[in-house]
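Below is one structure; the comments refer to it alone.
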Amino acid sequence: MTFELVWIPKPYIIPVRSFGLCDRKRVLWEEERYTDGVKWKFLEHKGPVFAPPYDPLPSNVKFYYDGKHMKLSSTAEEVATFFAKMLDHEYTTKEVFRKNFYKDWRKEMTSEEKSKITDLNKCDFSEMSEYFKAQSEARKAMTKEDKQKIKEENERILQEYGFCIMDNHKERIANFRIEPPGLFRGRGDHPKMGMLKRRIRPEDIIVNCSKDSKHPKPPPGTKWKEVRHDNKVTWLVSWTENIQGSIKYIMLNPSSRIKGEKDWQKYETARRLKKCVERIRAQYRDDWKSKEMRIRQRAVALYFIDKLALRAGNEKEEGETADTVGCCSLRVEHLTLHQEMDGQEYVVEFDFLGKDSIRYYNKVPVEKRVFKNLQLFMEDKEPEDDLFDRLNTSILNKHLQELMDGLTAKVFRTYNASITLQQQLNEITNSEDNVPAKILSYNRANRAVAILCNHQRAPPKTFEKSMQNLQTKIDAKKEQLADAKRELKMSKYLLEGEIEEQLMKLEVQATDREENKQIALGTSKLNYLDPRISIAWCKKFGIPIEKIYNKTQREKFAWAIDMAEKDFQF
DNA sequence: GCCTCAACTTAGCAGAATGCGT
DNA sequence: ACGCATTCTGCTAAGTTGAGGC
């Protein structure tokens with residue numbers, strides 16, 4: 001997969017090799033393409049910003065064990081403060097959380113502390129907790145000047161550590177701050193919740209930069225674990241985290257050339273799928289009849305991935321993470337088959353926890369053949385058995401690769417999300433509508449995608465109240481309109497028109513908010529919807545892009561803003 | 001064919017920043 | 001200008017993918 005044109009983002013330093021086309025307003029330059037997985041030729045940065053060292057509690061803030069004051073060693077105290085800061089959270093009451101915390105906390109105690117502290121239930125962190133609450137209040141109540149000082153200091157750190165130079169471009173770094181120590185809280189029912197996430201030191205850090213760059217310096221008196229010069233990868237800094245033993249990275253911001261180009265490429269792959277998706281669908285439908293079990297399973301799984309936008313579903317190590325599944329890892333217990341339901345034939349009821357332990361619940365009528373296959377796959381199995389016992393993501397992706405270059409399971413999610421947005425926009429946008437009504441249409445199209453991808457959120461805590469407030473405003477506006485109609489003034493019609501428009505705007509807002517109660521639009525907007533669709537739509541209907549994308553999003557999608565014309569179709 | 005691991009994308013949430021009505 | 005509501009941003013967990021070792 002190569003692209004002749006390379007998009008060059010704005011903050012470039014020296015436009016080397018800008019001999020290519022810079023046609024009209026597009027900012028497309030022809031630049032040397034790297035081959036063999038080379039990601040850059042020059043990379044210079046200042047290294048990470050470490051978490052501030054532990055600041056011990058003032059002596060009047062006490063910890064009590066079994067009702068008696070006990071002075072903790074600095075190390076044990078630090079870990080205790082992590083717990084104290086979470087005291088108001090429900091999960092500090094969970095058995096698993098407490099058990100994991102206690103086990104890891106003990107490791108940080110002196111032998112004396114270990115012998116004294118033998119029961120977490122006898123530990124009283126409440127004074128510590130109150131202290132932190134007071135601190136947080138004090139921070140909120142700071143004077144403007146003090147707040148301004150902190151802001152300026154943060155800005156200074158950002159300017160110093162938040163940027164790097166990669167191949168003539170000054171680029172923003174995404175996460176240049178090292179994750180501070182604390183207690184791990186996974187999502188959902190995580191077996192490792194409460195474990196101590198340890199402090200990262202310079203000795204844990206691998207720095208990646210180019211040989212000919214000014215290397216980042218470790219803090220005085222420390223050393224990096226390693227400095228390497230691997231230009232086949234995009235990260236600047238990495239370290240191994242102690243909870244799962246996985247590697248964490250510092251990488252570039254989504255606004256960077258390297259991320260933007262990858263994003264562009266992702267959508268181009270999805271557009272190539274568009275050209276052959278009907279062929280692929282015909283194929284998997286045909287495969288439902290295969291005499292080989294593995295092929296039938298593959299075909300039904302692919303059908304789910306395509307129709308329901310399920311994730312691939314890798315196997316996970318039991319006991320290491322929350323019990324969640326995707327398509328290939330579905331178990332018999334996650335499906336219920338209904339020969340007939342609510343007047344529909346062959347209904348499959350899905351109920352499982354997906355990524356981030358978000359529940360997927362759906363009732364879907366399927367083709368008779370799919371239904372019969374599912375019955376076959378579930379025959380003689382226990383609820384906890386795999387539905388697709390002859391399939392995994394590796395087999396599936398190898399098959400997909402044969403169907404189309406660059407095709408993997410996740411491309412279907414991107415494709416179906418983007419094509420849905422495009423179709424919805426084409427269908428429901430009314431060119432006669434005013435701007436707020438058009439934006440409601442846009443949000444509805446976006447919502448259709450979020451529902452497809454099962455992007456949920458907890459309803460905002462203030463939801464009911466905010467709906468009420470809005471309704472109050474609407475009522476007031478209606479009254480105002482009635483008043484205006486009663487009055488006989490020169491400016492009557494002008495005024496009426498204005499109020500009607502304001503009322504309409506409020507009503508649209510109320511509809512939008514209500515429909516969005518449990519739906520999260522952000523994820524699909526950021527990761528699944530080809531931004532060129534939205535930008536073209538804005539241009540076509542005269543909607544300012546700012547109404548659709550905020551500043552961060554406009555930076556991330558700079559490539560698309562540069563290249564999409566009003567007639568772009570996904 | 002497994003399995004493991006590195007590298008990268010995708011995800012929801014909490015707290016900070018901003019906006020808006022009074 | 002102030003206080004609350006809303007939006008934005010940062011954070012980091014949790015996925016997917018492909019390569020490489022046996």
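Every chain is numbered from 1 and lettered A, B, ... according to where its sequence line falls, protein lines coming before strand lines.
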Examine A/H455 together with A/Y528 and report whether their ring centres are nearer than 6.0 Å. yes
Would you indicate, yes or no, if B/dA17 has its OP1 or OP2 atom less than 4.0 angstrom from a side-chain nitrogen or oxygen of A/K147? no
If the cut-off is 4.0 Å, is A/N397 near the phosphate of C/dT17, judged by side-chain N/O to OP1 or OP2? yes
Think A/R311 has a side-chain N or O under 4.0 angstrom from the OP1 or OP2 of B/dT9? no
Residue pair A/E317/A/D230 against DNA chain B: nearer the 5' end by closest nucleotide is A/E317
Could you tell me whether the phosphate oxygens of B/dA11, OP1 or OP2, come under 4.0 Å of any side-chain nitrogen or oxygen in A/H455? yes
In plain terms, say whether A/K133 and A/D88 are close enough for a salt bridge, that is, a side-chain N and a carboxylate O under 4.0 Å apart. yes
So side chain to side chain donor-acceptor pair (under 3.5 Å) across residues 234-243 of chain A, not counting sequence neighbours, yields A/E241-A/S246
I'd like a table of atom pairs between the protein and nucleotides 20-22 of chain B - only N or O on both sides, under 3.5 Å - with the distance next to each one.
none

Expressed in angstrom and rounded to an integer, what is the separation of A/F184 atom CZ from C/dC11 atom P? 18 Å
Within less than 4.0 Å of OP1 or OP2 of B/dG12, is there a side-chain N or O belonging to A/R185? no
By side chain to side chain contact (heavy atoms under 4.5 Å, CB included), A/C328 pairs with (sequence neighbours left out) A/L391, A/T393, A/L396
For A/R177 and B/dA16, give me the distance from atom CZ to atom C1', rounded to whole Å. 13 Å
Would you call the rings of A/Y91 and A/H89 parallel, tilted or perpendicular, where under 30° means parallel and over 60° means perpendicular? parallel
Identify, residue by residue, the members of residues 240-251 of chain A with a heavy atom below 4.0 Å from DNA chain B, and return them in order of residue number, or none. A/I247, A/Y249, A/M251
Can a side chain N or O of A/N314 be found less than 4.0 Å away from OP1 or OP2 on C/dG15? no
A/R156 with A/E160: basic N within carboxylate O range, under 4.0 Å: yes
Who pairs with A/Y442 by ring pair (Phe, Tyr, Trp, His ring centres under 6.0 Å), at least two apart in sequence or on another chain? A/W537
Residues that A/Y360 engages under ring pair (Phe, Tyr, Trp, His ring centres under 6.0 Å), provided they are two or more places apart: A/F352
Whole angstrom value for the distance that separates P of B/dC8 from CH2 of A/W264: 20 Å
Rounded to whole Å, the CD1-P distance (A/I519 to B/dG12) equals 11 Å
Trace of the side chain to side chain contact (heavy atoms under 4.5 Å, CB included) decision for A/R554 with A/K551: CA-CA 5 Å; A/R554 292 197 300 278; A/K551 184 166 146 280; 4.1 Å; yes
Rounded distance (Å) that lies between atom P of C/dC11 and atom CG of A/L158: 11 Å
Per atom distances to the A/V233 side chain, the nearest of B/dT10, C/dA13, B/dA7 is B/dA7
Any carboxylate oxygen within less than 4.0 angstrom of a Lys/Arg side-chain nitrogen, looking at A/E555 and A/R172? no
Using the ring pair (Phe, Tyr, Trp, His ring centres under 6.0 Å) rule, collect all pairs that involve residues 303-330 of chain A, keeping only residues at least two apart or in two chains. A/W288-A/Y303, A/F304-A/F350
Nearest-0.5 Å distance that lies between atom CD in A/Q244 and atom NZ in A/K197: 11.0 Å
Tell me what A/G313 touches on the nucleic acid: a base, only sugar-phosphate, or nothing, going by heavy atoms under 4.0 Å. sugar-phosphate
Selection: residues 410-419 of chain A, any non-hydrogen atom under 4.0 Å of DNA chain B: A/K410, A/R413
Over how many whole Å does the gap from A/L310 atom CG to C/dG15 atom P extend? 14 Å
Decide, yes or no, whether a salt bridge links A/D230 with A/K232 under the criterion of side-chain N to carboxylate O below 4.0 Å. no
Salt bridge check, A/R257 against A/E171: does any charged N sit closer than 4.0 Å to a carboxylate O? no
The side chain of A/R172 is closest to which nucleotide in this list: B/dA11, B/dC8, C/dG10? C/dG10
What salt bridge (Lys or Arg N to Asp or Glu O under 4.0 Å) pairs are there with at least one residue in residues 318-329 of chain A, not counting sequence neighbours? A/K192-A/E320, A/D323-A/R331
Is there a residue in residues 320-328 of chain A whose heavy atoms reach under 4.0 Å of DNA chain B, and which residues are they? none
Taking CD from A/Q265 and P from C/dT16, how many angstroms apart are they, rounded to a whole number? 20 Å
Assign each of A/N392 and A/K232 the nucleotide of DNA chain B bearing its closest heavy atom; nearer the 5' end lies the nucleotide of A/N392
With a 4.5 Å limit on heavy-atom distance, are the side chains of A/L183 and A/M86 in contact? yes
With sugar-phosphate meaning primed atoms plus P, OP1 and OP2, does A/K197 contact a base, only sugar-phosphate, or nothing at under 4.0 Å between heavy atoms? sugar-phosphate
Base, sugar-phosphate, or nothing: which does A/P180 touch, judged by heavy atoms less than 4.0 Å apart? sugar-phosphate
Could you tell me the separation between the OH atom of A/Y91 and the P atom of B/dC13, rounded to a whole number of Å? 12 Å
Ring centres under 6.0 angstrom apart (A/H190, A/F184): yes
Classify the nucleic acid contact of A/A409 as base, sugar-phosphate or nothing, counting any heavy atom under 4.0 Å across all strands shown. sugar-phosphate
Between N or O atoms, less than 3.5 Å apart, protein on one side and nucleotides 4-8 of chain C on the other: list the pairs.
{"unit_1": "C/dA5", "atom_1": "OP1", "unit_2": "A/K465", "atom_2": "NZ", "d": "2.3"}
{"unit_1": "C/dT6", "atom_1": "OP1", "unit_2": "A/R513", "atom_2": "NH1", "d": "2.7"}

Look at A/S394 and C/dG18 and indicate whether a side-chain polar atom (N or O) is within less than 4.0 Å of OP1 or OP2. no
Using a 4.0 Å heavy-atom cut-off across all strands, classify A/K140 as base, sugar-phosphate, or nothing. nothing
If the condition is side-chain hydrogen bond (donor to acceptor under 3.5 Å, both in side chains), which residues does A/Y549 pass it with, not counting sequence neighbours? A/S534
Just to confirm, is there a sub-4.0 Å distance from OP1 or OP2 of C/dT16 to any side-chain nitrogen or oxygen of A/T393? no
Below 30° counts as parallel, above 60° as perpendicular, anything between as tilted: where do the rings of A/F101 and A/F125 land? perpendicular
For a quick check of understanding: with a heavy-atom distance under 4.0 Å over all strands, which category does A/L526 fall into, base, sugar-phosphate or nothing? nothing
